[in-house]
Amino acid sequence: MSYFSLRKLTKAYASQTALHEFSLDLGKGEMIAVVGESGSGKSSLLRIAAGLLTQSSGEVWLGDTRILNPKEKLVAGYDEIKLIHQDYQLSPSTTIEENIARPLLLFDPGYRKARVEKLLMQFGLDRYRDRLPRNLSGGQQQKVAIAQALAVEPEVLLLDEPFSHLDTIQKHRLIFELKELLQESGTTVIFVTHDLDDALRLTDTILILQKGKVVQKGNSRELCLHPKTRYVARLFSPINLIPGRFDSYIRPADVRLRTKGELLGHVVDQRFLVHYNSLLVRLKDGGDVWEVDDPFRKYQVGDRVYLHFDEEKVLVLKG
């Protein structure tokens, strides 16, 4: 049963349309990642969902409550729906404890104290409670921003690329910790990002957004094995166009390297990666360059190789 519902949302600005009849239904506690490049309409979508931006058409519902937009509500936004931005938006002159407590100023003092203590412990911020935000790392500041958003126990959490400023180690650790906390609390989550790897660390339910339109929705296996467009396919890995076969592609991991065959090429570049060498192979006919995985680290720049692949691995893609 749908708990948080976005119904045929559109958003048009003066020079472009940011969203084209976007619809999404989420159950309570469900998490989904919306993946798309810059300018695909992700941020507009979240601001409309939070009641902070007026849509051109369509509706947002939380349970039986229609979410009013800024033109319909004197004070925009809802405590039940919290949006976390890329920038931390913390008060620089107040302590970590005071920042987390800010949304709870009108609540019962006993509840406020207990709630803040719980969040400080859950996010591992207890020993930093008396510090100012500028004295924390980027990852710790983002934890404070998330803890502040969760202070009022919202039903829905909207994440607008909140990990983009963090290094890889901090980011992976924070996503793992946040996933556990959100699953425990049963919070419904929409996470927008341009980074598929970040999305898959939080949830396996992915929606691909391109130029304001839903391109494809599914789990990682479905999207990787059965992409509908080149754009979706390239989110998972590079793809190589097969010579003489319009709209037919093969992934680097699905190419086998041999010393005999029909599709001849020469290695023109080699990169050592964690699990394999990544090769660039220039084809003899046509001069196209393929990216190919070499899991046995066998081939060097200048080597002559033949490229093989199974027909069942070929992707026929449009768009």
Novice: Quiz question: by atom type and distance under 3.5 Å, do the side chains of Q140 and Y128 form a donor-acceptor pair?
Specialist: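 Looking only at side-chain atoms, Y128 and Q140 do form a donor-acceptor pair, the distance falling under 3.5 Å.
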Novice: Just how far is it from atom CG of L223 to atom CG of D204, taken to the nearest 0.5 Å?
Specialist: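 It is 8.5 Å, given to the nearest 0.5 Å.
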Novice: Report the C-alpha separation of Q170 and S137 in whole Å, then their side-chain angles, then the decisive distance to 0.1 Å, and conclude whether the side-chain contact (heavy atoms from CB on, under 4.5 Å) test is met.
Specialist: CA-CA 9 Å; Q170 288 188 95; S137 69; 3.5 Å; yes
Novice: Side chains of N99 and T94: do they bring a donor and an acceptor to under 3.5 Å?
Specialist: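 Per modelled atom types, N99 and T94 side chains form a pair under 3.5 Å.
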Novice: Side chains of L125 and V144: does their closest heavy-atom pair fall under 4.5 Å?
Specialist: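 Counting from C-beta outward, L125 and V144 do come under 4.5 Å.
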Novice: Do I146 and L166 sit in one hydrophobic cluster, given that two such residues count as connected whenever their side-chain heavy atoms are within less than 4.5 Å of each other, even indirectly?
Specialist: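 Same hydrophobic cluster.
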Novice: Are K211 and E37 close enough for a salt bridge, meaning some N to O gap below 4.0 Å?
Specialist: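 Salt bridge: no.
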Novice: Looking at residues at least two apart in the chain, or sitting in another chain, which of them share a ring pair (Phe, Tyr, Trp, His ring centres under 6.0 Å) with F272?
Specialist: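 With sequence neighbours excluded, F272 shows a ring pair (Phe, Tyr, Trp, His ring centres under 6.0 Å) to no residue whatsoever.
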Novice: Do F163 and F191 have their ring centres less than 6.0 Å from each other?
Specialist: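 Close enough - the centres of the two rings lie under 6.0 Å apart.
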Novice: Between L119 and A151, what is the shortest heavy-atom contact and its length?
Specialist: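 It is CD1-CA, 3.6 Å.
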Novice: Before you tell me yes or no, could you show the steps for E161 and S164 under side-chain hydrogen bond (donor to acceptor under 3.5 Å, both in side chains), namely the whole-Å CA-CA distance, both residues' side-chain angles and the distance that decides it to 0.1 Å?
Specialist: CA-CA 6 Å; E161 303 208 47; S164 59; 5.2 Å; no
Novice: Is the shortest distance from a Lys or Arg side-chain nitrogen in K143 or E177 to a carboxylate oxygen in the other one below 4.0 Å?
Specialist: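 Yes, K143 and E177 are salt-bridged.
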Novice: How many angstroms lie between atom CG of L150 and atom CG of L181, to the nearest 0.5 angstrom?
Specialist: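 Output value for this atom pair is 7.5 Å.
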Novice: Check D247 with R230, please: is the shortest side-chain N to carboxylate O separation under 4.0 Å?
Specialist: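 The answer is yes: the pair qualifies as a salt bridge.
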Novice: Can you tell me how far the CG atom of L24 sits from the CG atom of L45, to the nearest 0.5 Å?
Specialist: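 CG of L45 is found 8.0 Å from CG of L24.
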Novice: Do the side chains of V255 and L283 join up, straight or via other hydrophobic residues, at under 4.5 Å, putting them in one cluster?
Specialist: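 Linked within one cluster.
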Novice: Look at the side-chain heavy atoms of Ile, Leu, Val, Met, Phe, Trp and Tyr, link any pair under 4.5 Å apart, and say whether F22 and L52 land in one connected group.
Specialist: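 Hydrophobic grouping puts F22 with L52.
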Novice: So does F176 have more than 12 non-hydrogen atoms from other groups sitting under 6.0 Å from CZ?
Specialist: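 Not buried by this count: 12 neighbours or fewer within 6.0 Å.
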Novice: Under the side-chain contact (heavy atoms from CB on, under 4.5 Å) test against L159, which residue among L46, I190, L178, V192 passes?
Specialist: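 Exactly one option meets the side-chain contact (heavy atoms from CB on, under 4.5 Å) with L159, and it is L178.
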Novice: Is it possible for you to say whether I242 and Y249 belong to one hydrophobic cluster, with membership spreading through side-chain heavy-atom contacts below 4.5 Å?
Specialist: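 Not linked; separate clusters.
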Novice: Considering all heavy atoms of both residues, which atom of F4 and which atom of A49 are nearest to each other, and what is their separation?
Specialist: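 Of all heavy-atom pairs spanning F4 and A49, the closest is CZ-O, 3.8 Å.
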Novice: So which pairs with a foot in residues 183-196 pass salt bridge (Lys or Arg N to Asp or Glu O under 4.0 Å), sequence neighbours left out?
Specialist: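 For residues 183-196, and leaving out neighbouring residues, the salt bridge (Lys or Arg N to Asp or Glu O under 4.0 Å) pairs sorted by first residue read K171-D195.
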Novice: Quick check: closest heavy atoms across K228 and L317, and the distance to 0.1 Å?
Specialist: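 In this case the closest contact between K228 and L317 is C-CD2, 4.3 Å.
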Novice: Report the distance from atom OH of Y78 to atom CG of L68, rounding to the nearest 0.5 Å.
Specialist: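 Rounded to the nearest 0.5 Å, the OH-CG separation comes out at 3.5 Å.
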Novice: What's the separation between atom CG in D197 and atom CG in L235, rounded to the nearest 0.5 Å?
Specialist: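 Separation between the atoms: 12.0 Å.
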Novice: I'd like to know whether CZ of F246 has more than 12 heavy-atom contacts from other residues, nucleotides or ligands below 6.0 angstrom.
Specialist: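 Check fails, neighbour count at 12 or below.
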Novice: For atom CZ of R304, decide whether the heavy atoms of other residues, nucleotides or ligands shown that lie under 6.0 angstrom number more than 12.
Specialist: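 No, because the 6.0 Å sphere around CZ of R304 holds 12 heavy atoms or fewer from other groups.
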Novice: Distance check, rounded to the nearest 0.5 Å: I96 atom CD1 versus D126 atom CG?
Specialist: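 That separation rounds to 12.0 Å.
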Novice: Just checking, any donor-acceptor pair under 3.5 angstrom between side chains of E30 and Y3?
Specialist: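 Checked: E30/Y3 side chains show no N/O donor-acceptor pair below 3.5 Å.
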Novice: Check the pair D303 / K298 against salt bridge (Lys or Arg N to Asp or Glu O under 4.0 Å), numbers first and verdict last.
Specialist: CA-CA 10 Å; D303 285 352; K298 180 179 178 181; over 6 Å; no
Novice: Is any side-chain heavy atom of L182 closer than 4.5 Å to a side-chain heavy atom of M31?
Specialist: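 The answer is yes, as the side chains (C-beta and beyond) meet within the 4.5 Å cut-off.
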Novice: So, the side chain of H266 versus the backbone of V301: is there a donor-acceptor pair under 3.5 Å, distance only?
Specialist: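 Judged by distance alone, no pair lies under 3.5 Å.
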Novice: Could you check whether any side-chain heavy atom of E291 comes within less than 4.5 Å of a side-chain heavy atom of S278, counting everything from C-beta outward?
Specialist: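 The answer is yes, as the side chains (C-beta and beyond) meet within the 4.5 Å cut-off.
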Novice: Looking at H85 and L83, what are the two nearest heavy atoms and their distance?
Specialist: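 The pair with the smallest heavy-atom distance is CE1-CD2, 3.4 Å.
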Novice: Could you walk me through whether L9 and V60 pass the side-chain contact (heavy atoms from CB on, under 4.5 Å) test, one step at a time?
Specialist: CA-CA 8 Å; L9 294 177; V60 180; 4.0 Å; yes
Novice: Quick one: list whatever passes side-chain contact (heavy atoms from CB on, under 4.5 Å) with D254, sequence neighbours left out.
Specialist: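 Checked D254 against side-chain contact (heavy atoms from CB on, under 4.5 Å); matches are I250, R251, K313.
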Novice: If you take all heavy atoms of V316 and S248, which pair is closest and at what distance?
Specialist: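 The pair with the smallest heavy-atom distance is CG2-OG, 4.1 Å.
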Novice: Among R112, R129, R102, R131, find the one that has a salt bridge (charged side-chain N to carboxylate O under 4.0 Å, His left out) with E97.
Specialist: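 Of R112, R129, R102, R131, salt bridge (charged side-chain N to carboxylate O under 4.0 Å, His left out) with E97 is met by R129 alone.
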Novice: Can any side-chain N or O of W290 pair as donor or acceptor with the backbone N or O of L241 at less than 3.5 Å?
Specialist: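 Judged by distance alone, yes, a pair lies under 3.5 Å.
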Novice: More than 12 heavy atoms of other residues, nucleotides or ligands under 6.0 Å from CZ of R297: yes or no?
Specialist: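 Counting other residues, nucleotides and ligands, CZ of R297 exceeds 12 neighbours.
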Novice: Should we say atom CD1 of I169 is surrounded by more than 12 heavy atoms from elsewhere, each under 6.0 Å from it?
Specialist: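 Atom CD1 in I169 is not packed in, count stays at 12 or less.
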Novice: Starting from L136, can I reach L174 by hopping between I/L/V/M/F/W/Y residues whose side chains sit under 4.5 Å apart?
Specialist: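 Shared cluster, yes.
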Novice: Is it the case that atom CZ in R258 sees more than 12 heavy atoms from other parts of the structure closer than 6.0 Å?
Specialist: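 Counting other residues, nucleotides and ligands, CZ of R258 exceeds 12 neighbours.
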Novice: Might you work through the side-chain contact (heavy atoms from CB on, under 4.5 Å) test for Q141 and L90, ending with a clear yes or no?
Specialist: CA-CA 8 Å; Q141 289 187 57; L90 301 175; 4.3 Å; yes
Novice: Side chains of T10 and S57: do they bring a donor and an acceptor to under 3.5 Å?
Specialist: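 Judged by distance alone, the side chains do pair up.
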Novice: Okay, side chain of D108, backbone of G110: is any donor-acceptor separation there less than 3.5 Å?
Specialist: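 Side chain of D108 to backbone of G110: a pair is present.
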Novice: Might you confirm whether atom CZ of F296 has over 12 heavy atoms from other residues, nucleotides or ligands at distances under 6.0 Å?
Specialist: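 12 or below, so no.
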Novice: Has K73 got more than 12 heavy atoms of other residues, nucleotides or ligands less than 6.0 Å from its NZ?
Specialist: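 Count over threshold, so yes.
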